[in-house]
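A, B, ... follow the sequence lines: proteins, then strands. Residue 1 opens every chain.
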Amino acid sequence: MSKKKDFLRTVVENDLQSGKYKEIVTRFPPEPNGFPHIGHAKSISINFGIARDYHGHCNLRMDDTNPTKEDTKYVAALENAVKWLGFDWGEDLYFTSDYFSQIHAYAIKLIKMGKAYVDSLTEEQIREYRGTVTEAGKRSKYANRTVEENLDLFERMKNGEFSDGEHVLRAKIDMSAANMKMRDPLLYRIRNVNHFRAGNEWAIYPMYDFAHCLSDYIEGVSHSICTLEFENNRDIYNWVLDTLELQPPRPYQYEFARLNINYTVMSKRKLLELVEGNYVSGWDDPRLPTIAGYKRRGYTPESILTFCDQIGIAKANSMVDVAQLEFCIRDDLNKKVPRVMCVLDPLKVTIENYEGFEEIDAPYYPHDVPKDGSRKLPFSKEIFIQRDDFEENPPKGYFRLTPNQAVRLRHAYIISCKEIIKDENGKIIEIKAEYYPDSKSGSADTSGVKVKSAIQWVSATDAKEVEIRLYDRLFKNEIPEGIEDLNPDSLKIIKNALVEPAIVKEKPDERFQFERIGYFYTDPIDYSDDTPVFNQIVGLKDSWGKKTKEKKVQPKAQAKQVQIDGEVVAMSKEEEALFDKYTKELQLNSEVANTLARDKKLSDFFEEALMEYNNPVNIANIVTNEVARELKQKELTDLKFIPQQVAQLVKMIDDETISTKIAKDVFETMSKSGEEPKQIVDSRGLLQISDPDIIAPIIEDIIVKNPDNVEKFRAGNKKLLGFFVGQVLKETGGKANPKVVNELVAKKLSEK
RNA sequence: UGGGGUAUCGCCAAGCGGUAAGGCAUCAGCUUUUGGUGCUGACAUUCGGGGGUUCGAAUCCCUCUACCCCAUCCA
């Protein structure tokens with residue numbers, strides 16, 4: 001189980017604890033109209049993850065209510081993705097289309113209840129009648145049809161008697177609802193087409209808003225988790241289930257922010273554009289953020305899942321850095337994968353003083369990976385090294401081979417450069433070198449020669465030529481707009497790279513670390529023993545390469561932008577009069593007076609409380625803060641408590657019966673139960689403790705228990721005072737007089 | 001513009017009135033026969049801005065600002 005608890009798991013835990021559900025049931029409900037991408041992986045990880053963590057189960061449901069867009073090939077892709085990620089839906093593979101008759105029956109019920117009607121407006125009229133975000137819509141005249149008419153029409157719609165668009169079934173809710181989604185939402189539309197599963201049985205198909213909540217209910221889903229853009233649909237979700245009077249337990253919808261990653265695109269539309277415009281090789285192009293793409297690239301399911309876990313679940317729209325994903329795959333592969341040698345851009349090295357041939361035994365795994373296995377590395381007079389591992393005029397800090405600097409051939413000998421051979425253009429084509437016979441890798445090294453690094457190499461006669469595909473980010477912009485932002489260098493193919501023979505002969509794995517380069521994967525489609533093809537999964541971290549590349553101009557820390565306040569709405573005459581009275585007569589501070597004067601409910605409440613106990617300032621404070629909170633969603637008449645009770649509460653603070661801290665608790669209890677404040681205080685024993693003789697020992701105790709913090713405090717960390725006060729208050733159940741505690745703590749801490 | 005959301009480090013993200021978690025990135029140092037890994041340390045006197053309430057505010061109240069979603073017979 002993930003250690004950290006996100007807001008969804010918090011909800012789930014509460015629901016389990018309160019007994020709202022006996023078992024947690026979630027579902028992953030994609031529409032089979034495209035290939036799943038890493039955003040789906042997040043959803044899969046959430047839904048299946050929660051089910052697993054709380055011993056419930058998660059259904060896989062294809063939301064196939066729109067026959068014009070969906071196809072069975074996408075169903076397969078979705079199934080594969082979930083399976084690949086390691087989740088099992090068992091028997092629970094469902095299709096919304098399986099519920100068509102049940103959903104239809106619910107529609108009939110709604111019609112009979114007078115809550116749904118057949119509308120015969122045109123599409124344009126419906127749009128027009130819906131109104132705008134600021135103006136209310138108006139209801140169609142067809143909304144007045146009788147139940148019998150509606151039933152008849154709906155039946156005939158179902159039987160295919162009408163053409164597409166002639167009629168729709170709508171819920172009768174409210175054409176002037178502030179939530180546009182609630183303006184008589186469409187429930188069914190006519191589609192005289194073949195459905196990839198249901199065939200031609202239906203001429204009408206339910207809309208998302210009607211089908212989804214009912215499917216969830218039918219499946220016994222407890223937590224229906226979707227993305228943020230469905231927030232407005234939640235009202236319909238609840239309306240349908242409530243109106244149909246479906247018995248609990250029933251599902252509730254929760255929303256989280258969908259995943260965005262920089263330098264790529266995630267929308268189905270844009271992905272489709274890339275595939276269909278042949279900007280990539282297909283849905284499984286290794287540069288794509290599709291599950292199929294990551295799979296082909298060589299990402300492990302574990303790394304994707306870890307990533308999903310790391311980024312967390314929240315409601316803020318965000319853009320995750322690809323670096324986070326790259327970290328996950330590197331971290332995973334680092335622990336798993338054999339290290340081998342590959343030369344991308346070969347430079348010939350002839351070791352003049354070496355004769356013959358040998359096979360060097362080299363372990364597949366470095367000292368810090370606890371895995372066994374090794375292979376034979378052929379070594380001979382002629383080898384190839386990576387071209388950039390030699391520099392005739394090395395920059396400062398260069399560790400590799402130079403005319404004056406020896407280097408170790410990984411797992412083999414140390415060599416030094418004797419001569420540089422160039423062609424007529426001055427390009428280096430060969431290095432003549434010498435090796436130190438005593439320097440053989442491992443305990444055999446008695447040469448005493450010190451080198452700064454070890455480089456990879458392959459023996460010229462034994463190396464295998466392979467194709468390497470190097471991938472870079474698909475887009476050059478962090479937030480790409482469209483194909484114009486494509487990175488022209490996102491794919492680099494190296495046809496004649498050289499690898500050591502064991503990789504192809506022994507095939508110790510399908511993923512490798514090519515030492516000092518990166519992690520690579522045998523392409524599952526194009527790889528053959530004759531023409532091996534490797535995809536770069538991700539490069540190794542390269543602090544040297546980064547250092548040598550353009551020293552990026554660090555964007556200067558921008559001066560904090562000054563935020564200009566917008567204009568505040570002016571007060572009405574009455575409000576102004578009230579404001580004047582409050583500030584002048586009652587001596588309230590202007591901020592408090594302002595809130596009070598502008599809110600009729602609050603000022604009424606305030607004035608009434610004032611009649612009970614005349615302390616305007618303190619009552620005003622509690623009214624503008626605590627009461628205001630309660631009144632945010634409610635009317636005065638819905639309150640469980642009355643102004644007089646608040647007045648009494650203030651009175652108790654004033655005569656120091658209780659502290660302001662306790663007063664908050666009392667207020668909360670009172671607002672929930674309507675109990676008298678005095679009674680709450682009495683029955684729970686909340687009287688304030690102000691006696692230093694009682695408080696002092698508690699402070700002593702806490703000081704003894706927290707020597708570290710005492711030290712920090714004495715070293716100057718003054719905000720720790722709050723920590724100690726908090727501890728004392730915790731110890732006394734909040735009853736200690738905080739003013740006294742503050743004084744005492746400060747005194748005790750400065751002593752000694 | 002009405003309604004619904006969201007703002008905590010360069011990027012994610014905990015936190016729910018009492019010491020601003022963690023990860024990525026970055027920067028140092030140590031280790032290293034991968035300029036990899038590992039280890040150690042540094043990295044938010046401050047939580048979108050401004051006020052208020054409180055002994056004490058990222059957390060409660062007021063207010064302003066920015067961004068996202070909603071006017072498909074898509075999901």
(request) Using both distances under 3.5 Å as the test, list the Watson-Crick or G-U wobble partner of B:U6, or none. (result) B:A66

(request) Compute the centroid of each ring, for A:F154 and then for A:Y188, and state whether the two points are separated by less than 6.0 Å. (result) yes

(request) Look at all strands and tell whether A:N709 reaches a base, only sugar-phosphate, or nothing, counting heavy atoms closer than 4.0 Å. (result) base

(request) For A:N589, answer base if it contacts any base atom (sugar-phosphate contacts may also be present), sugar-phosphate if it contacts only those atoms, and nothing otherwise; contact means non-hydrogen atoms under 4.0 Å. (result) sugar-phosphate

(request) Would you mind classifying the nucleic acid contact of A:K335 as base, sugar-phosphate or nothing, using non-hydrogen atoms under 4.0 angstrom? (result) nothing

(message) Tell me whether the side-chain N or O atoms of A:K719 pair up with the base of B:U46 as donor and acceptor below 3.5 Å, since no angle test is needed here.
(response) yes

(request) Would you mind classifying the nucleic acid contact of A:V725 as base, sugar-phosphate or nothing, using non-hydrogen atoms under 4.0 angstrom? (result) base

N/O donor-acceptor pairs under 3.5 Å from side chains in residues 447-454 of chain A, not counting sequence neighbours:
residue: A:S447; atom: OG; partner: A:D445; partner atom: OD1; Å: 2.8
residue: A:S447; atom: OG; partner: A:V449; partner atom: N; Å: 3.2
residue: A:S453; atom: OG; partner: A:F399; partner atom: O; Å: 3.3

(request) Name the pairing partner of B:U59, where a pair is Watson-Crick or G-U wobble with both distances under 3.5 Å, or state none. (result) none

(request) Sequence neighbours left out, what pairs pass salt bridge (Lys or Arg N to Asp or Glu O under 4.0 Å) with at least one residue falling in residues 320-337 of chain A? (result) A:E302-A:K336, A:D331-A:K335, A:D332-A:K336

(message) Regarding A:E123, tell me which of base, sugar-phosphate or nothing describes its non-hydrogen contacts under 4.0 Å with the strands shown.
(response) base

(request) Give a yes/no answer on whether the side chain of A:N621 brings an N or O atom under 4.0 Å of OP1 or OP2 in B:U54. (result) yes

(message) Treating primed atoms plus P, OP1 and OP2 as sugar-phosphate and everything else as base, which nucleotides of nucleotides 65-71 of chain B get B, S or - for protein heavy atoms under 4.0 Å?
(response) S--SBSB

(request) Sequence neighbours left out, what passes salt bridge (Lys or Arg N to Asp or Glu O under 4.0 Å) with A:E515? Give chain and number order. (result) A:R410

(message) At under 4.0 Å between heavy atoms, how does the protein contact nucleotides 32-42 of chain B? Give one character per nucleotide, 5' to 3', with B, S or -.
(response) -BBBBB-----

(request) Name the nucleic acid region contacted by A:S659, choosing base, sugar-phosphate or nothing; use a 4.0 angstrom heavy-atom cut-off, strictly under. (result) nothing

(message) One thing to verify: whether A:E626 and A:R629 come together as a salt bridge, which I'm taking to mean a side-chain N less than 4.0 angstrom from a carboxylate O.
(response) yes

(message) Looking at B:U1, which nucleotide sits across from it as a Watson-Crick or G-U wobble partner, both distances under 3.5 angstrom, or is there none?
(response) none

(request) Would you classify B:U65 as syn or anti? Syn applies when the glycosidic angle is within 90° of 0. (result) anti

(request) Determine which pairs satisfy side chain to side chain donor-acceptor pair (under 3.5 Å) with at least one residue from residues 723-739 of chain A, sequence neighbours left out, and list them in order. (result) A:S690-A:N737

(request) Report yes if the distance between the aromatic ring centroids of A:F713 and A:F723 is under 6.0 Å, otherwise no. (result) no

(request) Show the numbers, then the answer: is there a side chain to side chain donor-acceptor pair (under 3.5 Å) between A:N618 and A:D654? (result) CA-CA 8 Å; A:N618 290 359; A:D654 285 353; 2.7 Å; yes

(request) Name the nucleic acid region contacted by A:N742, choosing base, sugar-phosphate or nothing; use a 4.0 angstrom heavy-atom cut-off, strictly under. (result) base

